[in-house]
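Convention: sequence-line order gives letters A, B, ...; per-chain numbering from 1.
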Amino acid sequence: MKKVLTKDFFERPTLSVAREMLGKYLVRRVRGREVVAMITEVEAYDGFRDKASHAHRGETRRNAVMFGNAGVWYVYLVYGMHEMVNIVTGGKGYPAAVLIRGVEGVLGPGRVTKHFHISRPLDGKVAEEQNGLWVEDRGVRIHAKEIRRLPRVGVAYAGAWAEKKYRFVYLSSKRFKTKRTGGRPVRGSYH
DNA sequence: ACGATGATGAAC
DNA sequence: TTCATCATCGTA
């Protein structure tokens with residue numbers, strides 16, 4: 001059971017897509033090499049009003065693909081050195097995307113792109129085999145109890161939007177630990 | 001705790 | 001054209 005996810009999967013409410021991306025497989029094929037891993041951590045960036053989203057200030061050259069068709073890669077550079085990979089969700093004209101923050105064995109969005117050799121030339125490309133980067137459903141089903149919803153990382157400037165639990169983590173991903181202070185989980189940490 | 005490193009967007 | 005900021009990471 002191996003099915004390449006297409007536009008119909010991504011052209012739905014962003015939070016649903018984000019949650020359902022856990023357990024799916026990111027596949028990269030370039031120069032005869034294939035890299036595959038199960039997605040274990042994602043974040044949703046949803047609409048014009050989401051202050052943490054690049055789309056909040058309106059359409060620009062960088063974020064234009066977020067306003068376009070679902071099922072397209074949105075790849076950009078942050079902090080001068082890390083590429084981030086997102087997949088566009090929702091209908092055309094509605095800016096939204098899901099950031100892939102971690103896969104099994106590779107936690108951290110900058111590490112994911114490095115591991116999969118993903119960089120800006122993929123920005124704006126459709127997620128399909130022909131473009132060398134796509135998402136597969138391989139039949140893994142993740143139970144709601146295995147998912148933790150947390151605030152997004154690195155968006156403290158976004159006020160109330162920073163507190164929304166738009167980050168989805170697959171708990172059984174072995175490397176994910178939760179630090180606790182006063183008994184409350186605060187953030188994921190990487191080991 | 002901090003510096004690396006460069007693109008982006010808003011101000012001037 | 002300048003400037004602050006930034007969906008981070010490795011080293012300390």
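- Taking side-chain N and O atoms only, A:R111 has a distance below 4.0 Å to OP1 or OP2 of C:dG10.
- More than 12 heavy-atom neighbours from other residues, nucleotides or ligands sit within 6.0 angstrom of CZ on A:R141.
- Contacts of A:M81 with the nucleic acid, taken as non-hydrogen atoms under 4.0 Å apart, include base atoms.
- Taking the ring centre of A:F116 as origin, the terminal cationic atom of A:R28 falls outside the region bounded by 6.0 Å and 45° from the ring axis.
- Pair assignment for C:dA7 gives none, since no Watson-Crick or G-U wobble pairing has each distance under 3.5 Å.
- Without hydrogens or angle criteria, A:D50 side chain to A:A52 main chain gives a donor-acceptor distance under 3.5 Å.
- Taking every side-chain heavy atom of A:V78 into account, C:dT8 is the closest of C:dT8, B:dA7, B:dG9.
- When both pairing distances are held under 3.5 Å, B:dT5 makes no Watson-Crick or G-U pair with any nucleotide shown.
- Within the nucleic acid shown, A:R152 has no heavy atom closer than 4.0 Å to any nucleic acid atom.
- When each of C:dT8, B:dG6, C:dA7 is scored by its nearest atom to the side-chain atoms of A:L77, the top-ranked nucleotide is B:dG6.
- Checked by atom type, the side-chain pair A:S119/A:E83 shows no donor-acceptor distance below 3.5 Å.
- Taking 3.5 Å as the limit, the base of C:dA7 and the side chain of A:Y76 contain a donor-acceptor pair of atoms between them.
- Candidate nucleotides B:dA7, B:dA10, C:dA7 were compared by shortest atom distance to the side chain of A:Y74, and C:dA7 ranks first.
- Here the nucleotide nearest the side chain of A:R62, chosen from B:dA10, B:dT8, C:dT8, is B:dT8.
- On a pure distance criterion of 3.5 Å, no polar donor-acceptor pair joins the side chain of A:H82 and the base of C:dA7.
- Counting non-hydrogen atoms of other residues, nucleotides and ligands closer than 6.0 Å to CZ of A:R138 gives a total above 12.
- Regarding A:Y157, its OH atom lies at a distance of 19 Å from the P atom of C:dA4, rounded to whole Å.
- Here A:Y79 does not lie in a stacked arrangement on the base of B:dG6, lacking the combination of planes under 30° and ring centres under 5.5 Å apart.
- Between A:R101 and the phosphate of C:dA7, there is no side-chain N or O to OP1/OP2 separation shorter than 4.0 Å.
- Taking only side-chain atoms of A:N86, from C-beta outward, the nucleotide of B:dG6, C:dA7, B:dG9 with the closest atom is C:dA7.
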